[in-house]
Amino acid sequence: MTALLLLHLVAAGAAPALVRVLDRRTFLALALVPAASFAWLLTQAPAVLDGDPVDQRVAWVPSLDLALDLRLGALQLVLALVVTGVGSVVLAYSAWYFSATDRSLWRFTSVFTAFAGAMLGLVLADNLLALYVFWELTSVTSYLLIGHNPVRSANRRAATQALLVTTLGGLAMLVGLVILGESSSYTISRLLADPPAPGALTTTAVLLVLLGALTKSAQIPFHFWLPGAMAAPTPVSAYLHAASMVKAGVYLVALLAPIAAATPGWRALTIGLGVWTMLLGGWRALRQHDIKLLLAFGTVSQLGMLTAVAGLGTTAAAQAALALLVAHALFKSALFLVVGIIDKATGTRDMHQLSGLGRRAPLLTATAVLAGASMAGLPPLLGFVAKESALAAGLDAATGGHGSVSGLGDGGDPALWGWVLTAGLTLGAMLTVAYTARFLWGALGPERTVAGDPIVTGFAAPTAIQVGPAVLAALGLLGGFAGPLLTEAFAGYVATLGGAEPEHLALWHGLTPALGLSALAVAAGLLLFAARDLVGQAQQRVPALVDAESGYTHLIRNLDRLAVETTAVAQRGSLPGHLGTILVVVILGPGLVALTALPGAQVHLWDEPGQLAIGVVVVVAALLATRARDRLQTAVLVGVTGYGVALLFLVHGAPDLALTQVLVETVSLVVLVLVLRNLPAQVPRRPLPISRSWRALLAAAAGAVTGVLLLVSASARTAAPVSQRFPQEAYDFGHGQNVVNVTLVDIRAWDTLGEISVVVAAATGVASLVFVRMRDTPARPSQRRAAAVAAAERNPLAPARRSVILETVTRLLFHVMIALSLYLVLAGHNQVGGGFAGGLTAGLALLVRYLAGGRFELDRAAPVDAGLLLGGGLAISVLAAVAPLLLGGAVLESSVLEVWLPVYADVKVVSALVFDIGVYLVVVGLALDIVRSLGGGIDAHREIDEREQEAAR
């Protein structure tokens with residue numbers, strides 16, 4: 001199963017490159033990814049349906065029992081087949097939907113595939129924390145998909161609205177998941193087998209998780225984000241808002257129903273809000289003229305139906321919920337795709353402007369009629385089978401035949417909620433029939449004229465784009481005759497409810513009350529459609545029962561206003577004021593507490609007199625730096641403090657840290673000088689205000705408190721430090737003798753991976769904050785180098801800025817420094833060095849090359865884009881981190897390759913070296929980016945200014 005997720009990840013990463021080669025045909029290639037997943041799932045179906053779920057566990061942090069657990073049970077199989085099957089159809093459909101000139105296809109294809117993988121991971125996750133990660137990944141990727149066209153304000157607003165609402169519920173859900181995990185187990189299958197004890201804490205956790213489900217599935221009062229999300233392209237609506245993302249909340253309700261259906265408040269929220277959402281969505285759908293918006297409100301209505309049925313918590317309701325889920329995914333995705341074809345072929349979605357399309361598009365009409373009939377619950381479609389089973393489940397619960405439910409408390413009388421569900425389903429089905437008829441009549445009805453409105457009569461759409469929705473609609477028809485097969489498929493999940501076995505799914509159960517209610521709903525719905533003018537007048541007179549969107553708008557507006565006013569009070573733009581506030585809190589808080597424990601602290605001043613001498617130098621240099629008036633002098637004195645710290649590292653027996661500190665301090669000093677050259681040399685002398693005296697006193701107090709905190713914390717240790725085991729751990733598991741480097745690339749490699757990611761982001765920020773560079777250099781390295789050589793010959797460094805000695809020394813040392821940097825990388829696992837130290841050494845070599853020959857000489861030495869080094873280094877480190885998974889190992893697990901080579905004899909290479917090479921490239925890229933920005937970039941601006949001044953003269 002991890003292979004399926006990795007396949008989606010790799011496909012998402014490769015999609016931009018594929019777009020450059022295949023253009024729109026990339027969608028067809030990417031459709032093979034969910035299609036392959038669908039095929040694999042079908043191969044596992046026999047075993048899963050026989051009660052043998054597929055489990056997989058990928059260890060992550062074994063000491064914390066943290067792992068990526070995946071499980072394919074009966075419920076997961078149904079959802080996974082829906083996600084992958086509809087996903088492959090929608091991707092193939094997109095190949096004809098999008099224009100070949102759409103410049104954002106590279107991003108859309110990648111994000112869409114990533115979303116499909118995240119949704120599949122959500123369904124398969126058997127760990128609460130992993131489920132949450134995939135849950136939020138779907139929120140983030142859906143945000144990008146809804147905002148596909150960022151130029152349109154409607155897309156930006158809808159994407160932000162959907163992200164805020166679903167993320168709010170997700171954060172609440174996270175708290176509930178942590179409570180459940182700590183109370184029982186973070187493994188979902190174990191949690192369901194051994195639920196936590198009933199109580200206020202467990203009830204709170206269940207309701208918090210339910211809040212996340214309700215926001216994701218657009219239940220009142222969070223329903224408004226879904227119609228707004230219709231600003232997204234139609235394939236997004238067909239997949240995210242019909243077959244996948246909005247089903248995540250329903251899936252979570254169904255997943256927890258076996259243990260949570262009897263929790264206090266569960267049925268009141270799921271059935272109460274579900275029925276309310278069903279009726280409100282259906283009522284709002286009857287007044288829509290945009291056929292896509294009509295389907296959106298219809299989706300809100302049917303999500304309410306799904307939530308209510310799944311929340312009942314009986315075996316009959318569980319079976320009906322899965323049947324409704326599959327039917328809805330098929331007919332609603334097909335109808336959305338039909339709307340996309342109509343929109344592309346006619347240029348409008350307004351039913352007042354559409355006329356006679358049914359006669360000109362027979363295949364499209366047949367597809368829409370089949371899918372619409374399933375949505376309305378007409379036989380012999382799957383929608384009818386599912387709707388009748390839902391009505392039967394409601395009646396069964398209402399009349400006392402609901403069976404037993406293992407839960408966490410008393411969730412209320414199932415009979416009462418059975419009647420509520422039955423009544424709501426009947427009214428909701430009536431509204432569904434009415435807006436289905438409105439959709440079909442408005443979109444595909446006979447030719448007609450409407451005064452004042454232009455009528456669109458043309459239609460041109462390739463047959464290929466109509467195949468996808470036709471297949472989905474046909475599956476809805478076949479599903480109506482597949483009742484026994486579906487009953488068997490759902491049986492594994494239904495059995496987890498612990499009640500009596502429900503009646504099987506079928507087209508005909510005789511003249512039952514459920515059939516009568518279904519017939520009543522169809523007749524009443526057709527009457528509503530026939531009286532649509534009267535219904536429209538009534539809707540104008542009836543005020544909105546829930547205007548959640550206005551509430552959301554007012555809430556966001558007030559939050560923005562509160563943020564602005566709070567910022568105006570707390571953030572006045574004074575850096576000394578902000579820093580002073582932080583330091584005062586530290587001094588008065590932990591500082592005073594630490595002072596009370598100071599008498600018991602053990603003070604060890606130094607091991608040898610040399611440490612005292614170095615400390616005195618550092619302190620004196622720091623004091624002189626605060627009094628110096630020359631900026632360059634201040635920079636040098638600050639550098640002395642850093643070199644002093646490096647000496648302390650060396651005296652304490654840490655040459656690796658000392659080397660790194662020296663390299664960091666040298667690079668920092670040179671970069672600081674590059675910045676200071678554009679500032680006045682002297683700090684202006686001003687009268688010493690009283691405020692500066694207070695600042696000096698505050699700084700001294702903060703330093704003293706820091707020293708006290710270090711003394712107290714070091715003396716309070718009661719256990720042996722973990723670092724004492726590092727040397728042996730480094731040799732046994734990291735296969736290296738340099739403890740520092742093994743710690744960075746093996747023991748705490750996750751930290752390093754996060755840090756180099758921050759470095760890449762910082763490098764991007766440095767370049768963008770300093771200025772925007774115009775890149776007019778050739779793309780190929782060979783061309784770039786030739787251009788740099790030519791530029792260096794045309795634009796040599798000014799004689800006044802040249803130093804023959806520096807240039808000569810640079811020519812001699814540059815290649816030696818590069819060779820030394822490579823040695824530090826290769827030898828760092830056992831000797832002093834490592835990727836970070838090697839990258840800094842190479843960065844210093846480039847700095848020296850720039851100082852000696854200027855920006856053209858730097859381009860000549862490094863004819864490569866800094867962004868390529870940064871991105872390539874990060875990619876290499878990430879690949880080195882996940883590569884062990886392909887070999888059955890854990891993330892970032894190191895292995896040793898021992899080979900025999902002539903002359904060299906036995907050679908041992910550790911796989912962590914690849915990770916370290918990535919670190920090396922990231923650091924070199926950062927150094928190159930900084931030198932080009934603060935060095936060559938500023939030089940270029942200065943040359944432009946000088947030319948403009950000469951032209952002005």
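Here the structure is a predicted model, which means the values were calculated and not measured.
Within the 4.5 Å cutoff, the side chain of T215 has no heavy atoms near those of the L168 side chain. Using a 4.5 Å cut-off on side-chain heavy atoms (C-beta onward), V923 and L840 make contact. Under the 4.5 Å side-chain criterion, counting only non-hydrogen atoms from C-beta, E136 is in contact with T167. Side-chain contact between L68 and N127 is absent, with no heavy atoms from C-beta onward closer than 4.5 Å. The shortest distance between side-chain heavy atoms of V891 and P884 does not fall below 4.5 Å. Residues T2 and L885 are not in side-chain contact: their nearest non-hydrogen atoms beyond the backbone lie 4.5 Å or more apart. Side-chain contact between T187 and L128 is absent, with no heavy-atom pair separated by less than 4.5 Å. At least one side-chain heavy atom of V760 sits less than 4.5 Å from a side-chain heavy atom of V922.
Closest non-hydrogen pair, G835 versus V825, comes out as CA-CG2, 4.1 Å. Annotation for N741 and G833: closest pair ND2-O, 4.0 Å, computed over non-hydrogen atoms. The two residues S894 and V910 have their closest heavy-atom pair at CB-CG1, 4.2 Å. Annotation for P590 and L709: closest pair O-CD2, 3.8 Å, computed over non-hydrogen atoms. Of all heavy-atom pairs spanning G843 and A927, the tightest one is CA-CB, 3.6 Å. A845 approaches M817 most closely through the heavy-atom pair N-CE, 3.6 Å.
L180 CG to I188 CD1: the interatomic distance, rounded to the nearest 0.5 Å, is 10.0 Å. Of the inter-residue distances, the one linking L207 atom CG with T263 atom OG1 reads 7.5 Å to the nearest 0.5 angstrom. Note that the CG atom of L926 and the CD1 atom of I756 stand 12.0 Å from one another [nearest 0.5 Å]. Considering OG of S139 and CG of L164, their distance stands at 10.5 Å, rounded to 0.5 Å. The CG atom of L191 sits 7.0 Å away from atom CG of L256, with the distance rounded to the nearest 0.5 Å. One finds the CG atom of L583 at 10.5 Å from the CG atom of L588 (value rounded to the nearest 0.5 Å).
Take L6 and apply the side-chain contact (heavy atoms from CB on, under 4.5 Å) test, not counting sequence neighbours, and it matches L9, L886. Considering only residues two or more places apart in sequence or on other chains, D560 meets the side-chain contact (heavy atoms from CB on, under 4.5 Å) condition with I556. Under the rule for a side-chain hydrogen bond (donor to acceptor under 3.5 Å, both in side chains), the partners of E665 that lie at least two apart in sequence or sit in another chain are Q661. Taking the salt bridge (charged side-chain N to carboxylate O under 4.0 Å, His left out) definition, one finds that E565 meets it with R561, sequence neighbours left out. P721 pairs by the side-chain contact (heavy atoms from CB on, under 4.5 Å) definition with R717, S723, Q724, not counting sequence neighbours. Annotation: ring-ring contact (aromatic ring centres under 6.0 Å, His included) contacts of W750 (sequence neighbours excluded): W60. With sequence neighbours left out, the side-chain contact (heavy atoms from CB on, under 4.5 Å) criterion links V740 to D656, L657, N738, L744. In this view, D69 and R57 satisfy the salt bridge (charged side-chain N to carboxylate O under 4.0 Å, His left out) rule, not counting sequence neighbours.
The closest donor-acceptor contact from the side chain of S184 to the backbone of P195 lies at 3.5 Å or more, if one exists at all. Side-chain atoms of T202 do not come within 3.5 Å of backbone N or O of P198 as any donor-acceptor pair. Using a distance-only test at 3.5 Å, with no hydrogens or angles considered, no donor-acceptor pair links the side chain of S185 to the main chain of G181. Under a 3.5 Å cut-off, the side chain of T626 and the backbone N or O of L623 do form a donor-acceptor pair. Between the side chain of K216 and the backbone N or O of W135 there is at least one donor-acceptor pair closer than 3.5 Å. The backbone N or O of L562 sits less than 3.5 Å from a side-chain atom of T566, completing a donor-acceptor pair. Remark: the backbone N or O of Q737 is paired with a side-chain donor or acceptor of N830 at under 3.5 angstrom.
Sorted by first and then second residue, the side-chain hydrogen bond (donor to acceptor under 3.5 Å, both in side chains) pairs involving residues 575-586 (not counting sequence neighbours) are Q571-H578. Residue pairs meeting the salt bridge (charged side-chain N to carboxylate O under 4.0 Å, His left out) criterion with at least one partner in residues 742-760, sequence neighbours excluded, are R748-D751.
Counted by atom type alone, Y920 and S821 present one or more donor-acceptor pairs between their side chains at under 3.5 Å. In the model, D126 has a side-chain atom that pairs as donor or acceptor with a side-chain atom of S189 under 3.5 Å.
For F134, the CZ atom is densely surrounded, since the number of other residues' heavy atoms within 6.0 Å is greater than 12.
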Before giving the answer on side-chain contact (heavy atoms from CB on, under 4.5 Å), spell out for Q831 and L824 the whole-Å C-alpha distance, their side-chain angles and the decisive distance to 0.1 Å.
CA-CA 8 Å; Q831 304 296 328; L824 291 174; over 6 Å; no

Apply the test side-chain contact (heavy atoms from CB on, under 4.5 Å) to residues I587 and L592: give CA-CA distance (whole Å), side-chain angles for both, the deciding distance (0.1 Å), then the verdict.
CA-CA 6 Å; I587 293 171; L592 293 179; 5.6 Å; no

If you apply the rule side-chain contact (heavy atoms from CB on, under 4.5 Å), what do you find for L663 with F836, and how did you get there?
CA-CA 10 Å; L663 292 172; F836 191 69; over 6 Å; no

Step-by-step side-chain contact (heavy atoms from CB on, under 4.5 Å) determination, L124 to R71
CA-CA 5 Å; L124 297 177; R71 183 180 180 87; over 6 Å; no

Sequence neighbours excluded and cut-off under 3.5 Å, please list the side-chain donor-acceptor pairs for residues 631-649, or say none.
from : atom 1 : to   : atom 2 : distance (Å)
R631 : NH1    : P680 : O      : 2.6
R631 : NH1    : Q682 : O      : 3.2
T634 : OG1    : D630 : O      : 3.0
T641 : OG1    : V638 : O      : 2.4
Y643 : OH     : T666 : OG1    : 2.8

Under 3.5 Å, which donor-acceptor pairs do the side chains of residues 869-880 form with other protein atoms, sequence neighbours left out?
from : atom 1 : to   : atom 2 : distance (Å)
S877 : OG     : G873 : O      : 3.2
S877 : OG     : F915 : O      : 3.2

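Put simply, the residue from L650, V664, T841, V832 that forms a side chain to side chain contact (heavy atoms under 4.5 Å, CB included) with L659 is V832.
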